[in-house]
Amino acid sequence: MAKVRPPTLRDNRRYVLARYEPRYREFDPKKMYYVVQDAVTGLFGDLRSVSIGQAVMSCEGGFLIVRCLRGGEDDLGAALAAVTAVGDESVAIHPMKSSGTIKTLRDVIKNNQPVMGPILEETNSEGQTLIRREGKKVDVVRRKNMSQNNFYCVPEDMEE
Amino acid sequence: MGRTSLLFDDFMTIPAFSCTDAHVIPAPAGDTSLRRFALEAKALGFDSIVAEYTGAFPEDCAIPVARITCIVGETQQKAIRDAGKAARTADLVGIYAGDAGILRGVVQSGSVNIIYGLASQPTGTLDHITARYTAERGVAVAIELNSLLGRHSHRRQRAIRAYHDILRLHRKHHFPLVLGSGTNSYLGLRSPRAVALLCRSFGMEDAEIKAAFSAVDTLLHPHVPVEVI
């Protein structure tokens, strides 16, 4: 078992909670780790990346917890905001809160759970259409052959 | 060190039309409807958006939406004519920066409210003379984050260099700055907090960021001197 370092030698860590959209997408935490690392390095370079010390702790349910060293929260938040895609899938990451413990962030996650509606699935001659609802948000995903078209709207737009 | 973390600052204490995303492009030009853009922007913390949208405006958007019509400066006369036509139907008129001479002429005529797309143009499109006219006419220059987010390596560096030039001219001539996402998808929106963090990373001051969030209100309701009849 690794020896616990004395307080003087311990790194001072902070944990940044971020929300990602679309919330229903599942991302591999390892992939997300490399994406965040590339974002930090791309924006601030290798030297600053070492002093930020980012590491993705968890990535599920629409929330991301990223560890960093104290003093690097703002730059990490900027780098998270600069992420636009994980692999081929578009994503938006919104930094929410920073804390010294993961427990506080897990409490915030518990209080901000989305209410997802049922997924409606239709298949017709135009291909497969998936309609996902979260409250007033409607995501229409149309798949035809190998291509995919997304349309993000609200129920009033569907009626029109 | 010595600056408080923006993650702890509360940008949401600011009052109405003073936290605006200055450029979104809803469907049909994008994949997100105008209502959805308004809903997402409200959820992120904006209190208004400026939408480049030609259709009928829905009345039930979650937050106030200002309509902007953007023109492209092919020739100076055409651009000024198009701006005049656009001003009759839209709340604001924008121009995508192109040729430096045409931009200067259009800005000098006072026909536009916001200049977009400077990060994609060669250095010198916004020069010190155009900057002076911009300040005199109260034309705002947009800093659009899609130039920063969607790019990497030398293209992103070019965009950041353009932002530095804009900031330098802004600090000398004091024309308004506005912040916009420049996106046609709700996935391109970023919260005011995230926008502030990104802007701070390339050198904007906190006071400049706050002023830029609320500059659209000044464009919509310009201060006019009191006239004694």
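Here is how names work: the chains are called A, B, and so on, in the same order as the sequence lines, proteins then strands, and each is numbered from 1. Basis for what follows: all heavy atoms, side chains included, without hydrogens, waters or symmetry-related copies.
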Can you say whether [X] sits under 4.5 Å from chain A via the side chain, the backbone, both, or neither, judging by heavy atoms?
X	result
B:Glu40	side chain
B:Leu198	both
B:Leu189	backbone
B:Ser153	neither

Is it the backbone or the side chain of [X] that comes under 4.5 Å from a heavy atom of chain B, or both, or neither?
X	value
A:Tyr20	neither
A:Leu80	neither
A:Val91	backbone
A:Asp139	both

Check your understanding: Does A:Ser90 offer a backbone N or O that forms a donor-acceptor pair with the side chain of A:Arg25 under 3.5 Å?
Key ->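 Yes; at least one donor-acceptor contact below 3.5 Å.
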**Study point:** Pair B:Phe37 + B:Tyr186: ring centers closer than 6.0 Å
**Key:**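 Ring centroids of B:Phe37 and B:Tyr186 are no less than 6.0 Å from each other.
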Point to revise | Min side-chain heavy-atom separation B:Ile209-B:Glu205 under 4.5 Å | key: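 B:Ile209 vs B:Glu205: side chains apart.
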Review point. Below 4.5 Å, heavy atoms only, C-beta onward: do B:Ile114 and B:Val93 meet side chain to side chain?
Key: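 No, side chains not in contact.
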Exercise for review: Look at atom CG of A:Asp88 and say whether more than 12 heavy atoms of other residues, nucleotides or ligands are closer to it than 6.0 Å.
Suggested key: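 Atom CG in A:Asp88 is not crowded, with 12 or fewer foreign heavy atoms closer than 6.0 Å.
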Review point. Going through the checks in order, is the side chain to side chain donor-acceptor pair (under 3.5 Å) test met by B:Thr130 and B:Asp127?
Key: CA-CA 5 Å; B:Thr130 311; B:Asp127 57 17; 2.7 Å; yes
